[in-house]
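This report refers to the structure that appears directly beneath it.
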Amino acid sequence: MPGGCSRGPAAGDGRLRLARLALVLLGWVSSSSATSSASSFSSSAPFLASAASAQPPLPDQCPALCECSEAARTVKCVNRNLTEVPTDLPPYVRNLFLTGNQLAVLPAGAFARRPPLAELAALNLSGSRLDEVRAGAFEHLPSLRQLDLSHNPLAYLSPFAFSGSNASISAPSPLVELILNHIVPPDDKRQNRSFEGMVAAALVAGRALQGLHCLELASNHFLYLPRDVLAQLPSLRHLDLSNNSLVSLTYVSFRNLTHLESLHLEDNALKVLHNGTLTELQGLPHVRVFLDNNPWVCDCHMADMVTWLKQTEVVQGKDRLTCAFPEKMRNRVLLELNSADLDCDPILPPSLQTSYVFLGIVLALIGAIFLLVLYLNRKGIKKWMHNIRDACRDHMEGYHYRYEINADPRLTNLSSNSDV
């Protein structure tokens, strides 16, 4: 099964995979005649195929729209516009390809068969237009090691998709390699749900993926990583987060990934790695980090990262990392910077500067219109102010007269006699 998890010298099973691929090819050639005869037989006798669908599949049976090789233990149902998983899969299948179909929904127990598909180890469902993967979709596959769901617009991924319909009693998933590249759904199908949170819930539910070695989450437009997304993946060795839109790693922790060997963060929107992240990465004994093609902001906040880059051997290709902002630092190599180069001048990007200029012009126009209205109504405003002044003066004179009467006893008596 294709995937980026096996790249690099750190993949210890590279030779094993090559040997397995050679076996598949040899077996495919040796069984091509048997496959063609079986398919012609099924097409010439449809009533036998319909009768067999109600019974357990025969060891040499092959679904009508698929290609099978018993010697290679492989079944390929590629670009057949299937709307559901074939029910008559042979029990010997070890590698199953269901790519390029129209599956839409993967229900619970989608691969439950009698006898069970006990040897199925590699399952490829990429590009099959899956919108929904329900709880327990991969139950009854005790040997499943590799699962590829990439290039499916998953609007709904159940939290229990990998752990079973009842996570409290389900056994841990046997998955070792999980490929979830490019599974982001269109905006109109997200149903006001956090896509990052949905994926994180499926990865941590029931602690089912504690044996997972490889996880690929590339090209999913992730803006952030939820805090606990990696909390239940202690055996992880290869993590691919490339080609997303991550702006920060502040909230995610790598501390428990003590077996991590490669971390791919290329082609994101990272601006700086803070001290907490740097300390955690430096504490991982075997990790290699890839940070190419990120828009690094070379200001005073970058000083700790530059110092760390000069001292660490964790980052691969660190001499290729360059500044993107501010403009005066563009294309400067991070390893060649010193503390004097890194300041925090309030330099704004050109787009933000344009926004502020436009806002200033609008406010100036509003002020000019207000002053023009005042000028055109200056006579009325002057008369209004004079009226207010006269009213205030009359009012104050009344208060002053009453105060003088109350303060002078003679005027008080005179006022009393006048009242009598």
Fill in: Backbone of R129 reached by a side-chain donor or acceptor of N152 within 3.5 Å
yes
Worksheet item: For V297 and V272, what are the C-alpha separation, side-chain angles and deciding distance, and is it a side chain to side chain contact (heavy atoms under 4.5 Å, CB included)?
Response: CA-CA 7 Å; V297 177; V272 66; over 6 Å; no
Fill in: Under 3.5 Å: donor-acceptor pair, side chain of N101, backbone of N81
yes
Worksheet item: Can you tell me if Q282 uses its side chain to pair, donor with acceptor, with the backbone of T312 under 3.5 Å?
Response: no
Discussion item. Once ring pair (Phe, Tyr, Trp, His ring centres under 6.0 Å) is applied, what residue pairs with a partner in residues 284-312 remain, sequence neighbours excluded?
Written reply: H264-F290
Worksheet item: Is a donor on one side and an acceptor on the other found under 3.5 Å between the side chain of N294 and the backbone of L270?
Response: yes
Worksheet item: Can any side-chain N or O of S245 pair as donor or acceptor with the backbone N or O of H221 at less than 3.5 Å?
Response: no
Worksheet entry | Any F97 side-chain heavy atom under 4.5 Å of T74 side chain | yes
Practice prompt. Report the relative orientation of the aromatic rings in F195 and F222; use parallel for angles under 30°, tilted for 30 to 60°, perpendicular for over 60°.
Written response: tilted
Discussion item. Distance check, rounded to the nearest 0.5 Å: E119 atom CD versus Y92 atom OH?
Written reply: 11.0 Å
Worksheet entry | Side chains of L89 and P63 in contact at under 4.5 Å (non-hydrogen atoms) | yes
Discussion item. Just so I know, are the side chains of P185 and D131 near enough to count as touching, which here means a heavy-atom distance under 4.5 Å?
Written reply: no
Practice prompt. Consider only side-chain N and O atoms of S219 and N243, and report whether a donor and an acceptor are under 3.5 Å apart.
Written response: yes
Worksheet, complete the sentence: Rounding to 0.5 Å, atoms CG (L123) and CG (L144) come to a distance of 6.0 Å
Discussion item. Is a donor from one side chain sitting under 3.5 angstrom from an acceptor on the other, for S150 and H182?
Written reply: no
Fill in: Minimum-distance pair of heavy atoms, taken over all atoms of P91 and P115
CB-CG, 4.0 Å
Worksheet entry | For L239, the option from L263, L265, L233, V287 that meets side chain to side chain contact (heavy atoms under 4.5 Å, CB included) | L263
Item to complete: Return yes if some donor-acceptor pair links the side-chain N/O of N293 with the main-chain N/O of E266 below 3.5 Å, else return no.
Response: no
Discussion item. Tell me the closest heavy-atom pair linking L335 and K310, and the distance in Å.
Written reply: O-CE, 3.2 Å
Fill in: Presence of salt bridge, E67 and K76, under 4.0 angstrom
no
Item to complete: Determine yes or no for a side-chain-to-main-chain donor-acceptor pair under 3.5 angstrom, with N256 supplying the side chain and L230 the backbone.
Response: yes
Practice prompt. Verify the neighbour count for atom CD of E84: are there more than 12 heavy atoms of other residues, nucleotides or ligands below 6.0 Å?
Written response: no
Item to complete: Report yes if some heavy atom in the side chain of L65 is under 4.5 Å from a heavy atom in the side chain of P86; otherwise report no.
Response: no
Worksheet item: Do the side chain of N268 and the main chain of L246 share a donor and acceptor less than 3.5 angstrom apart?
Response: yes
Worksheet entry | Flag, side chain of S128 to backbone of L130, donor-acceptor distance under 3.5 Å | no
Worksheet item: Quick one: CD1 on I381 to CZ on R378, what's the gap to the nearest 0.5 Å?
Response: 10.0 Å
Item to complete: Look up atom CD in E70 and atom CZ in R94, then write down how far apart they are to the nearest 0.5 Å.
Response: 11.5 Å
Practice prompt. Test L215 against L203 for side chain to side chain contact (heavy atoms under 4.5 Å, CB included), laying out the working first.
Written response: CA-CA 10 Å; L215 176 61; L203 294 176; 3.9 Å; yes
Worksheet, complete the sentence: Sorted by chain and residue number, the side-chain contact (heavy atoms from CB on, under 4.5 Å) partners of T99 (sequence neighbours excluded) come out as V78, N124, S126
Worksheet entry | Distance-minimising heavy-atom pair for T250 and H274 | OG1-CD2, 3.7 Å
Item to complete: Measure across D299 and C344 and return the closest heavy-atom pair with its distance rounded to 0.1 Å.
Response: CB-SG, 4.1 Å
Practice prompt. For residues 268-282, pull every pair meeting salt bridge (Lys or Arg N to Asp or Glu O under 4.0 Å), keeping only residues two or more places apart or in separate chains.
Written response: R255-E280
Worksheet entry | Any side-chain heavy-atom pair of L273 and L291 under 4.5 Å | yes
Worksheet item: Is the shortest heavy-atom distance from the side chain of L309 to the side chain of M302 under 4.5 Å?
Response: no
Worksheet item: Does CZ belonging to R330 count more than 12 external heavy atoms closer than 6.0 Å?
Response: yes
Fill in: Results of side-chain contact (heavy atoms from CB on, under 4.5 Å) for A200 - residues two or more places apart only
P226, V229
Discussion item. Quick one, H213 and E177 - any side-chain contact, counting heavy atoms below 4.5 Å?
Written reply: no
Worksheet entry | Criterion side chain to side chain contact (heavy atoms under 4.5 Å, CB included) on F162 and L212, from CA distance to verdict | CA-CA 11 Å; F162 309 118; L212 193 68; over 6 Å; no
Item to complete: Sequence neighbours left out, what passes ring-ring contact (aromatic ring centres under 6.0 Å, His included) with F254? Give chain and number order.
Response: none
Practice prompt. Find the distance between CZ (R237) and CG (L257) and round it off to the nearest 0.5 Å.
Written response: 12.5 Å
Item to complete: Provide the closest heavy-atom pair for C62 versus D88 in the form atom of the first, atom of the second, distance.
Response: O-OD2, 4.5 Å
Fill in: Donor-acceptor pair, side chain of S235 and main chain of Q210, under 3.5 angstrom
yes
Item to complete: Mind checking the CG-CE spacing from D343 to M329? Nearest 0.5 Å is all I need.
Response: 7.5 Å
Worksheet item: Can L225 and L249 be said to form a side chain to side chain contact (heavy atoms under 4.5 Å, CB included), step by step?
Response: CA-CA 7 Å; L225 292 178; L249 300 176; 4.3 Å; yes
Fill in: Sequence-distant partners of N338, side-chain contact (heavy atoms from CB on, under 4.5 Å), two or more places apart
A340, D341
Worksheet entry | Check: N220/N244 side-chain N/O donor and acceptor closer than 3.5 Å | no
Item to complete: Could you tell me whether the side chain of H386 reaches within less than 4.5 Å of the side chain of K383, counting heavy atoms only?
Response: no
Discussion item. Show the nearest heavy-atom pair for residues A161 and F138, with the distance to one decimal.
Written reply: O-CD1, 3.3 Å
